[in-house]
Amino acid sequence: MELKNIESAISPDRGGVALVMDDEEMMRKTLERILPPMGFAVTAVSDGEEALSHTRKMLASGDQLDLAILDLTIPGGMGGV
């Protein structure tokens, strides 16, 4: 996504389903507060395994994931890379 399109991607008119994956609880809680006013239903998980499990369940049920915010490095676990 080009930088100029970021505002339209997270505008309140767009919304959708968001997945947040971060090992830091403060980051998860912050994004759980920030994203709903932008129209997103948020699921927050603490590592890559949980993110994959959640994503697989969504795909199996035909649900769509509109936004994923992933921590790239999770010490001792699977990160977003």
Side-chain angles (χ1 to χ4, degrees):
M1 176 183 310
E2 295 178 25
L3 187 57
K4 66 182 180 181
N5 293 329
I6 286 180
E7 281 188 20
S8 64
I10 61 171
S11 73
D13 297 336
R14 179 153 167 26
V17 177
L19 174 65
V20 172
M21 188 270 293
D22 200 298
D23 61 324
E24 295 183 34
E25 183 178 11
M26 182 178 67
M27 287 300 296
R28 292 191 309 269
K29 297 281 186 197
T30 299
L31 289 164
E32 285 177 309
R33 285 194 322 265
I34 290 173
L35 293 172
M38 295 179 193
F40 288 96
V42 180
T43 298
V45 297
S46 62
D47 63 39
E49 293 293 335
E50 285 181 274
L52 281 176
S53 175
H54 178 74
T55 302
R56 285 182 181 129
K57 287 176 188 172
M58 288 185 67
L59 292 174
S61 66
D63 292 333
Q64 179 177 325
L65 183 61
D66 300 295
L67 175 68
I69 299 175
L70 308 174
D71 185 349
L72 295 180
T73 57
I74 303 290
M78 179 188 292
V81 174

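Take Gln64 and apply the side chain to side chain donor-acceptor pair (under 3.5 Å) test, not counting sequence neighbours, and it matches Asp66. With sequence neighbours excluded, the residues forming a side chain to side chain donor-acceptor pair (under 3.5 Å) with Glu50 are Ser46, listed by chain and number.
Here Leu70 contributes atom CG and Asp47 contributes atom CG; the two are 11.5 Å apart, rounded to the nearest 0.5 Å. The CD atom of Glu24 sits 11.0 Å away from atom CG of Leu31, with the distance rounded to the nearest 0.5 Å.
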Discussion item. Run the side chain to side chain contact (heavy atoms under 4.5 Å, CB included) test on Asp71 and Val20 for me, step by step, so that the C-alpha distance in whole Å, both residues' side-chain angles and the decisive distance to 0.1 Å come before the verdict.
Written reply: CA-CA 8 Å; Asp71 185 349; Val20 172; over 6 Å; no

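Formation of a donor-acceptor pair under 3.5 Å by the Arg28 side chain with backbone atoms of Ala44 is not found in this model. When atom types are taken as modelled, the side chain of Ser61 and the backbone of Lys57 share a donor-acceptor pair closer than 3.5 angstrom.
Across Phe40 and Ala18, no two heavy atoms sit closer than the pair CD2-CB, 3.9 Å. When all heavy atoms of Pro36 and Val42 are compared, the closest pair comes out as CD-CG2, 4.0 Å.
In terms of hydrophobic clustering, with Ile, Leu, Val, Met, Phe, Trp and Tyr side chains grouped at heavy-atom distances under 4.5 Å, Leu65 and Met21 are assigned to a common cluster.
No side-chain heavy atom of Leu67 sits less than 4.5 Å from a side-chain heavy atom of Leu19.
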